[in-house]
Amino acid sequence: MTTPNKTPPGADPNQLKRTGTVREIGSQAVWSLSSCKPGFGVDQLRDDNLETYWQSDGSQPHLVNIQFRRKTTVKALCIYADYKSDESYTPSKISVRVGNNFHNLQEIRQLELVEPSGWIHVPLTDAHKRPIRTFMIQIAVLANHQNGRDTHMRQIKVFTPVEESSIGKFPRCTTIDFMMHRFIR
């Protein structure tokens, strides 16, 4: 069982993106849920709004399935949870599983969350600290605070490392002016 890397209050995954070392790839995946209340599904989980959330509607474990069309390198997951807003709906025990499909998922992380408030960074690395390559990620909520039945998750982000240029190494340009002009049209 591991403890996730918590960000300082107010820190968010966009700071990771601004370093130029990772990019968010959640939009390249197909997302599905074990259950949800009407109006509280995948769209709310991925809308970049910390006020909206996915709410499960059924028995545990509650599952978020993230499937890629091809084998994808994944460096980290970021999950936003807020105990003060969600109380008994807040996850307290989460399992992260990876594999090629539903039939061969293997648990690579199990997290114990104690009244989380903010972004929880979950590194997805192998035994040699390299990012994993997978077709599928499954996040399973195994327990909630105060023995709650349904769960709330406000946001989930999936990150891949940015590949180095094949032309050569260039300094990373992370200012807004450079970011606006970083692609050839």
Side-chain angles (χ1 to χ4, degrees), residues 4-57 62-70 72-87 89-92 94-98 109 111 113 115-124 131-132 134-141 144-145 148 150-163 172-183:
N5 298 327
K6 275 188 108 172
T7 56
D12 68 49
N14 290 327
Q15 292 175 338
L16 280 177
K17 286 180 8 185
R18 282 188 218 109
T19 66
T21 59
V22 296
R23 65 187 174 90
E24 211 278 330
I25 56 169
S27 62
Q28 297 173 12
V30 176
W31 293 67
S32 62
L33 305 167
S34 57
S35 67
C36 69
K37 296 255 188 213
F40 295 92
V42 172
D43 291 341
Q44 289 71 34
L45 192 57
R46 297 284 303 151
D47 66 2
D48 288 325
N49 182 351
L50 299 178
E51 300 301 315
T52 62
Y53 50 85
W54 160 53
Q55 181 173 333
S56 63
D57 185 21
H62 304 298
L63 306 174
V64 177
N65 301 304
I66 307 165
Q67 294 177 280
F68 297 98
R69 289 172 173 68
R70 63 179 73 102
T72 303
T73 303
V74 180
K75 184 174 185 175
L77 279 175
C78 292
I79 301 168
Y80 190 86
D82 187 1
Y83 179 77
K84 287 185 174 120
S85 297
D86 299 327
E87 296 179 345
Y89 290 94
T90 309
S92 63
I94 295 176
S95 170
V96 179
R97 307 161 183 166
V98 298
R109 296 271 185 274
L111 312 171
L113 306 176
E115 297 185 7
S117 179
W119 288 99
I120 300 152
H121 292 246
V122 184
L124 298 182
I132 59 161
T134 189
F135 279 102
M136 182 174 181
I137 301 168
Q138 184 178 75
I139 302 166
V141 177
N144 288 328
H145 284 78
D150 289 330
T151 198
H152 285 181
M153 275 199 195
R154 293 185 172 266
Q155 293 291 300
I156 299 176
K157 303 286 182 189
V158 184
F159 291 98
T160 189
V162 172
E163 311 242 339
R172 296 216 185 273
C173 302
T174 57
T175 66
I176 292 173
D177 290 334
F178 278 117
M179 298 293 264
M180 287 174 28
H181 304 287
R182 68 181 169 176
F183 296 106

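Worth knowing before you read on, the calculation uses all heavy atoms, side chains too, and leaves out hydrogens, waters and symmetry mates. We count residues from 1, following the sequence as given. Nothing here was measured: the structure is a model prediction, and the numbers come from that model.
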When every non-hydrogen atom of Val74 is compared with those of Phe68, the smallest separation belongs to CG2-CE1, 4.2 Å

Under the criterion side-chain contact (heavy atoms from CB on, under 4.5 Å), I'd like the reasoning laid out for Ile139 against Leu77: C-alpha separation, chi angles, the key distance, then a yes or no. CA-CA 10 Å; Ile139 302 166; Leu77 279 175; 3.9 Å; yes

Heavy-atom side-chain contact between Leu33 and Leu63 under 4.5 Å: no

Between Thr72 and Arg70, do the side chains contain a donor N or O and an acceptor N or O under 3.5 Å apart? no

Heavy-atom closest contact (Gln44 atom, Asp47 atom, distance): O-OD1, 3.0 Å

Consider only side-chain N and O atoms of Asp57 and Ser35, and report whether a donor and an acceptor are under 3.5 Å apart. no

Reported CD-to-CD1 distance for the pair Glu24 and Ile156, which is rounded to 0.5 angstrom: 10.5 Å

Checking ring-ring contact (aromatic ring centres under 6.0 Å, His included) for the pair Tyr80/Trp119: CA distance, chi angles, key distance, verdict? CA-CA 4 Å; Tyr80 190 86; Trp119 288 99; 5.3 Å; yes

I'd like to know if the side chain of Asp86 and the backbone of Ala81 have a donor-acceptor N/O pair within less than 3.5 Å. no

Please confirm whether the backbone N or O of Tyr89 pairs with a side-chain atom of Thr151, one donor and one acceptor, at under 3.5 Å? yes

Using every non-hydrogen atom in the two residues, find where Ile66 and Ala29 come nearest and quote the distance to one decimal. CG2-CB, 3.5 Å

Does Asp82 offer a backbone N or O that forms a donor-acceptor pair with the side chain of Ser117 under 3.5 Å? no

If we ignore hydrogens and angles and just use 3.5 Å, is the side chain of Arg154 paired with the main-chain N or O of Leu50 as donor and acceptor? yes

Indicate yes or no for a side-chain donor-acceptor contact from Arg109 to the backbone of Ser95 under 3.5 Å, with no hydrogens or angles considered. no

Can you confirm whether the side chains of Gln155 and Asn49 place a donor and an acceptor under 3.5 Å from each other? no

Backbone N or O of Thr73 within a donor-acceptor pair of the Thr160 side chain at under 3.5 Å? yes

All heavy atoms of Lys157 vs all of Pro13, minimum pair found to be CG-CG, 4.1 Å

At their closest point, which heavy atom of Lys37 faces which heavy atom of Ser56, and how far apart are they? CG-O, 3.9 Å

Do any N or O atoms from the side chain of His145 and from the backbone of Glu115 form a donor-acceptor pair under 3.5 angstrom? yes

Given the rule in the side-chain contact (heavy atoms from CB on, under 4.5 Å) test, do Met153 and Ile94 qualify, once you have shown the distances and angles that lead to the verdict? CA-CA 11 Å; Met153 275 199 195; Ile94 295 176; 4.1 Å; yes

Spell out, as yes or no, whether a donor-acceptor pair under 3.5 Å connects the side chain of Gln28 to the backbone of Ile25. no

How far apart are the closest heavy atoms of Asn65 and Met136, and which atoms are they? OD1-CE, 3.6 Å

Given the options Tyr53, Trp31, Phe40, Leu45 meets side-chain contact (heavy atoms from CB on, under 4.5 Å) only with Trp31

About how many Å separate NE2 of His62 and OG of Ser34, when rounded to the nearest 0.5 Å? 6.5 Å

Check the pair Arg69, Val30 against side-chain contact (heavy atoms from CB on, under 4.5 Å), reporting the backbone distance first and the verdict last. CA-CA 8 Å; Arg69 289 172 173 68; Val30 176; 3.6 Å; yes

